[in-house]
Trainee: 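Pasting a structure here, questions to come.
Please read all numbers here as calculations on a predicted model, not as lab measurements. Every chain is numbered from 1, with letters handed out A, B, ... down the list of sequences.
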Amino acid sequence: MTTGRTTELRYNPRELDKKWQDRWAADGLYRVRDDDPRPKWYELTMYPYPSGDLHIGHWYAMSPSDAHARVRRMQGYNVLHPMGFDAFGLPAENAAIKRGIHPFTWTMDNIANMKRQLRSMGAVYDWDREVNTCLPDYYRWNQWLFLQLYKAGLAYRALAPVNWCPSDQTVLAREQVQDGKCERCDTPVVQRDLEQWFFRITRYADELLDFSGLLDWPERIKLLQANWIGRSEGVEISFDIAALGLEEQEVRTFTTRIDTIYGVTFLVLAPEHPLVSRITTPAQRRAVASYVDATLRETEIERQSTEKEKTGVFTGAYAVNRLNGERVPIFIADYVLRSYGTGAVMGVPAHDERDFIFAKKYGLPINVVVAPPNWDGGELKEAYLGEGVQVNSGPFNGMSSAQGMGAIAGHIERQGWGKRTVSYRIRDWLISRQRYWGTPIPIIYCDHCGVVPVPEADLPVLLPEDAQFKPTGESPLRYHQGFFNTTCPQCHRSARRETDTMDTFVDSSWYFLRYPNATYEVGPFDPAAMRFWNPVDQYTGGAEHAVMHLLYARFFTKALRDIGLLDFGEPFLRLFNQGIILGEDHDKMSKSRGNVVAPDEYVEALGADVVRIYLMFLGPWDQGGPWSTAGINGMARWVNRVWDLALREYGVGATHASPLPDAAATRNLVRLTHKTIRRVEGDLDRFRFNTALAALMELSNALGDDWEARNVDAAAWDAAVDALLVLLAPCAPHITEELWERRGRPYSIHQQPLPAWDDALAADEEITLVVQVNGRVRDRLTVPADITEADARAAALASPRVQALLGGKPPRHVVYVPGRLVNVVG
RNA sequence: GCCGGGGUGGCGAAAUGGCAGACGCAGCGGACUUAAAAUCCGCUUCCCCCAAAAGGAGUGUGGGUUCAAGUCCCUCCCCCGGCACCA
């Protein structure tokens, strides 16, 4: 045990946890029914990858969400709070390569272990509704949904430059590339051209920017998604290259600064731009070819580095700016990206930082067309990006650049040289993975019929069990003759199967639709059950999924709605992101730092409840924070105090009755009880577990004092203790159930409603009136809560401390804040 | 560089513009004990002071608004996260 000194509990936590977990399971206490008349509440937490071990981060994500789901139960909702496994993915395959264990075996063993660990948490999960994405009865519906998207034109195959991880031997989605490296193994990613499957998420870019269908999402996540989608309005403007005598008469560029069109002194194409080879003059051929080669060899890190000096090569060709008839040279440069806009940009060095640097380096003219304020007509030291007055802009001179923007765009559209358009940063979602352990893409390639979808009746396309895992990491599917060779469903001649599998984010894009009907066999979901529970009322999980899982799931929901499978467009109405639990040294937990906390040890020693409430108490849930071994021992001590309090026999006939209950003390306890109920329910509702638990501690401290003083009425004592247990029950389900039983209350505490509070009983009779002189606290007076303003002012002025400070002079001004303070301004 | 979030005692933290530091941890003192652990009680932001009272200072920095600012506005610094040649 690495937990150091550990508080001894009043009870055996292992036995107590097991007793109640077994009893709840036997009674089906958490079995969820679809025919329950109470309002439904679907509370979901992001399902885990079955790595094999439930670590403290899982506990930090899952036990508070379980507590919140329990709060909703106690508030009278019919609550679905399911759990499952994101079971496809690369680690299983790596285990197969390294240790010769089949991914299926590895994954299912891990799931078995994690389910045991998850059960130890004592959550309300209804395991009858478990979802496991690596089983054919789940992934067949991945395939079915793929076919529906394909039919709708939302899934397509294209040759595209992709991010390839040489170590994992697969392509990556752009979201999975971090700083030019593979998110998983840190290998520098290289560019390759491959035939890949895509989902047309870009068709939904504008709708994904519309968050109006959401009830409560963190602003931060919406902003992250908006930035990722990266919508920018601009103008597509073509330049005339008819003089080159090619089939193409023009080069199209995209700009957000059409007001600077008269300042164009060059054009730049991406090195991969299809026109490059055709426009290049014989004299420049060699230079251009070697530059293009060098660019393709670059890794993403090199290409994307902003520190790198701007480089480029002249193609020898010129284009004409149609607005002023000027002839400008065409360059290629690797800072222009093929995949954004049109893959070509107009160079306006006076008004764009990159173009400015490029022009300086290659000696290109810098023509000011938007005059900065107080511009003297001289040379610019740096690009001027702001607004100004149009100059050197032909008929648009004298307009503000804002006016110029509209006027020039209108002129271009009338002339047919271009049009106003919108560009997005987001690209279509690349879902092909050259891996075994994923959902096979249900497509067949036939020499006669071309790309043929697998007929729905033939689903699922099963992963072959007898796959050979190569040390190179290449997908076994390509070498599995029985899988690879098939017959065309249309012409019945021999054909080949697609060997790529789907990104696992496809699985998680609709798993929430499956929980309500996890065993449904005629479709991905039973429309009635799915619709009864969906959309998810409250989703919780880490913010790292802001632009991947959450965006993909929103896209899927909208796409399935348009196909006619759903009648709603947002999957998750409310979202809460928990923070990250750090090591005791305040660093991110990692094996290499040796600061990883294993929850099982603490659950074993202190029970699930202590681990749960400690994690909830350590700070605001959305901020995360450092683990503290001393801190969790403090929680164990408090649990002991609650245990003692709850079992004390206080009252009529008991050994520790008050001979003569004190009316004032009793009123104080009743008041505190009602205040605590009000506070705790408000806090729990808004995921503020730390302050909810602090309020319960205050109540338990007060009960301790009352026990010592023996001065409160027995009924008030019992009501306070019962309220304490019921309010604590969502956070600490096991010990509250035990204490509830020992106190002779009816099973189960988890079927009790949250107690109601009475504002009248919670109201203070006396308040502390703070008396300030010139804004500084100089006295505190205890006065009746309903004191009149006149009395409060008089009492404050009568204070000897105030009198002394005023020195006999009348105050200039007195501020009164009802129920709080009087500020005497002298 | 741009966009978020954050900076409060020895530590984790609390605080509708109205008593800064609730609650917990650690520490110190006391009770109980042959002793220790556990438990219980008390103290615990800093400065001045033998001590207390009474003062004074104090929520990253500097300024502002206000009778009153941790909270609102402006400047700058630092930490964390995201994006980053997106034309």
Side-chain angles (χ1 to χ4, degrees), chain A residues 5 7-8 178-179 218-224 226-228 230-232 234 253-257 260 268 270 303-308 310 333-337 339-348 351-355 357-358 423-427 543-544 546-547 579-580 582 584 586 588 614 617-620 622-635 637-638 640-641 644 688 690-698 700-701 704-705 708 768-780 801 811-826:
Chain A
R5 203 176 68 195
T7 299
E8 185 99 354
Q178 298 279 331
D179 300 323
E219 288 305 315
R220 200 168 78 86
I221 300 293
K222 291 192 254 183
L223 203 73
L224 247 44
N227 290 344
W228 186 260
R231 183 181 203 273
S232 35
T253 67
F254 174 76
T255 181
T256 55
R257 289 296 304 274
T260 67
V268 191
R303 171 96 183 242
Q304 303 251 319
S305 167
T306 42
E307 269 87 82
K308 200 179 77 171
K310 298 254 171 307
D334 64 1
Y335 77 86
V336 175
L337 306 175
S339 52
Y340 184 77
T342 60
V345 301
M346 55 187 223
V348 187
H351 305 293
D352 182 280
E353 285 177 46
R354 297 152 303 184
D355 296 345
I357 295 166
F358 196 80
S423 276
Y424 300 90
R425 217 182 70 98
I426 193 172
R427 309 291 145 77
E544 67 275 16
V547 295
I580 297 168
L582 303 171
E584 190 136 26
H586 291 53
K588 214 169 174 165
Y614 173 63
F617 183 68
L618 100 184
D622 54 344
Q623 275 176 38
W627 171 270
S628 159
T629 301
I632 194 173
N633 280 320
M635 274 294 140
R637 280 206 287 275
W638 180 59
N640 275 338
R641 284 199 290 278
D644 289 344
R688 296 170 63 158
N690 57 329
T691 48
L693 288 163
L696 292 176
M697 287 175 185
E698 287 184 55
S700 70
N701 289 343
D705 293 343
E708 293 297 323
T768 301
L769 186 70
V770 172
V771 181
Q772 296 183 330
V773 177
N774 295 327
R776 308 188 63 106
V777 179
R778 299 298 181 182
D779 205 356
R780 294 184 176 89
R801 305 262 310 108
R812 282 194 295 152
H813 186 49
V814 178
V815 179
Y816 174 63
V817 181
R820 290 196 179 269
L821 86 143
V822 177
N823 188 10
V824 180
V825 183

Trainee: To the nearest Å, how far apart are A/Leu224 CG and B/A84 P?
Mentor: 11 Å

Trainee: Give a yes/no answer on whether the side chain of A/Asn690 brings an N or O atom under 4.0 Å of OP1 or OP2 in B/A14.
Mentor: yes

Trainee: If you check the A/Asn823 side chain, which of B/C83, B/C85, B/G18 turns out closest?
Mentor: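 The nucleotide sitting nearest to the side chain is B/G18.
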
Trainee: Tell me whether A/Lys310 forms a cation-pi arrangement with A/Phe358, defined as NZ or CZ under 6.0 Å from the six-membered ring centre and within 45 degrees of its axis.
Mentor: no

Trainee: Is the shortest side-chain N/O distance from A/His586 to OP1 or OP2 of B/G12 below 4.0 Å?
Mentor: yes

Trainee: Could you say whether A/Glu219 or A/Thr768 is positioned toward the 5' end of RNA chain B, judged by the nucleotide with the nearest heavy atom to each?
Mentor: A/Glu219

Trainee: Give the nucleotide from the list B/A87, B/G55, B/C3 with an atom nearest to the side chain of A/Arg778.
Mentor: B/G55

Trainee: For a quick check of understanding: with a heavy-atom distance under 4.0 Å over all strands, which category does A/Thr255 fall into, base, sugar-phosphate or nothing?
Mentor: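 Sugar-phosphate contact only - A/Thr255 comes under 4.0 Å of backbone atoms but never of a base.
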
Trainee: When the P atoms of B/C25 and B/U39 are considered, how many whole Å apart are they?
Mentor: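 Comparing P positions in B/C25 and B/U39 gives a spacing of 10 Å.
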
Trainee: Using whole Å, what does the distance between atom P of nucleotide B/A68 and atom NE2 of A/His813 come to?
Mentor: 9 Å

Trainee: B/A84, OP1 or OP2 - any side-chain N/O from A/Arg425 closer than 4.0 Å?
Mentor: yes

Trainee: Applying a 4.0 Å non-hydrogen cut-off, can you work out what A/Gly341 is touching in the nucleic acid: base, sugar-phosphate, or nothing?
Mentor: nothing

Trainee: Looking at B/A87, B/C19, B/G24, which one has an atom nearest to any side-chain atom of A/Arg641?
Mentor: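 Nucleotide nearest to A/Arg641's side chain: B/G24.
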
Trainee: Could you tell me how far B/U71 sits from B/G63 if I compare only their P atoms? Round to whole Å.
Mentor: 14 Å

Trainee: With rounding to whole Å, what would you report as the distance between B/G81 and B/G27 at their P atoms?
Mentor: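 After rounding to an integer number of Å, I get 32 Å for this pair.
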
Trainee: Under 4.0 Å: is that the gap between some side-chain N or O of A/Arg688 and OP1 or OP2 of B/A15?
Mentor: yes

Trainee: I need the minimum non-hydrogen distance between A/Asp779 and A/Arg801, along with the two atoms involved.
Mentor: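 Smallest heavy-atom distance, with atoms named: OD2-CG, 4.0 Å.
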
Trainee: Starting from Watson-Crick (N1-N3 plus N6-O4 or O6-N4) and G-U wobble pairs under 3.5 Å, report the runs of at least three that RNA chain B belongs to.
Mentor: B:1-7 with B:77-83, B:10-12 with B:23-25, B:27-31 with B:39-43, B:45-47 with B:55-57, B:62-64 with B:72-74

Trainee: Taking the same atom, C1', in B/G4 and in B/A84, what whole-Å distance lies between them?
Mentor: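 That atom pair is separated by 14 Å.
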
Trainee: Nearest whole Å is fine: how far is B/C83 C1' from A/Lys222 NZ?
Mentor: 19 Å

Trainee: Go through B/A87, B/G18, B/G12 for me and flag the one nearest to the A/Val815 side chain.
Mentor: B/G18

Trainee: How far, in whole Å, is B/A15 from B/G6 if one measures between their P atoms?
Mentor: 13 Å

Trainee: For A/Arg780 and A/Val770, indicate whether the former's side chain and the latter's backbone hold a donor-acceptor pair under 3.5 Å.
Mentor: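 Side chain of A/Arg780 to backbone of A/Val770: no pair is present.
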
Trainee: Specify the separation, in whole Å, of atom CG of A/Asn227 and atom P of B/C83.
Mentor: 10 Å

Trainee: Among B/C23, B/G55, B/G18, find the nucleotide with the atom closest to the side chain of A/Arg820.
Mentor: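 Among the listed nucleotides, the one closest to the side chain of A/Arg820 is B/G18.
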
Trainee: Counting heavy atoms not belonging to A/Ile580, are there more than 12 under 6.0 Å from its CD1?
Mentor: no

Trainee: Which one, B/C23, B/A87, B/C40, comes nearest to the side chain of A/Glu698?
Mentor: B/C23

Trainee: Look at the side-chain N and O atoms of A/Thr691 and state whether any lies under 4.0 Å from the OP1 or OP2 oxygen of B/A13.
Mentor: no

Trainee: Using modelled atom types only, decide if a donor and an acceptor are shared between the side chain of A/Asn823 and the backbone of A/Gly775 within a distance under 3.5 Å.
Mentor: yes

Trainee: Hey, which of these two, A/Asn640 or A/Arg220, hits RNA chain B nearer its 5' end, going by closest nucleotide?
Mentor: A/Arg220

Trainee: Determine yes or no for a side-chain-to-main-chain donor-acceptor pair under 3.5 angstrom, with A/Asn640 supplying the side chain and A/Glu8 the backbone.
Mentor: yes

Trainee: Between B/G56, B/C67, B/C23, which nucleotide gets closest to the side-chain atoms of A/Arg776?
Mentor: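 Nearest listed nucleotide: B/G56.
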
Trainee: What interatomic distance, in whole Å, is found between P of B/C46 and the corresponding atom of B/C11?
Mentor: 12 Å

Trainee: Determine the contact category for A/Gln772: base if any of its heavy atoms lies under 4.0 Å from a base atom, sugar-phosphate if only primed atoms, P, OP1 or OP2 are that close, otherwise nothing.
Mentor: base

Trainee: Which one, B/G12, B/A26, B/A87, comes nearest to the side chain of A/Arg637?
Mentor: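 Given the options B/G12, B/A26, B/A87, the side chain of A/Arg637 is closest to B/A26.
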
Trainee: B/C40 C1' sits how many Å from A/Asn701 CG, rounded?
Mentor: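 It is 12 Å, rounded to the nearest whole Å.
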
Trainee: B/G18 and B/U66: how far apart are their C1' atoms, nearest whole angstrom?
Mentor: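 Their C1' atoms lie roughly 12 Å apart.
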
Trainee: Using a cut-off of less than 4.0 Å, is there contact between a side-chain N or O of A/Asn633 and OP1 or OP2 of B/A26?
Mentor: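 So the side chain of A/Asn633 is outside the cut-off, no N or O lying under 4.0 Å from OP1 or OP2 of B/A26.
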
Trainee: Rounded to the Å, how far apart are A/Leu821 CG and B/U16 P?
Mentor: 16 Å

Trainee: Identify which nucleotide among B/C83, B/C41, B/C85 has an atom closest to any side-chain atom of A/Asp334, counting heavy atoms from C-beta outward.
Mentor: B/C85

Trainee: Answer whether the closest heavy-atom distance between the side chains of A/Ser628 and A/Glu584 falls below 4.5 Å.
Mentor: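 Heavy-atom side-chain distance check passes, below 4.5 Å.
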
Trainee: So do A/Asp355 and A/Tyr335 actually touch side chain to side chain, heavy atoms under 4.5 Å?
Mentor: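 A/Tyr335 reaches A/Asp355 side chain to side chain.
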
Trainee: Taking the C1' atom of each, how far is B/U59 from B/C72, in whole Å?
Mentor: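 Rounded to whole Å, the distance is 16 Å.
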
Trainee: Within the 3.5 Å criterion, strictly below it, is a donor on A/Tyr340 or A/Ser232 matched to an acceptor on the partner's side chain?
Mentor: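 Short answer, yes.
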
Trainee: Given B/C83, B/G12, B/A20, identify the nucleotide with an atom nearest to the side chain of A/Val777.
Mentor: B/A20

Trainee: Between A/Phe617 and A/Trp638, is the ring centre distance below 6.0 Å?
Mentor: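 No; A/Trp638 has its ring centre 6.0 Å or more from that of A/Phe617.
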
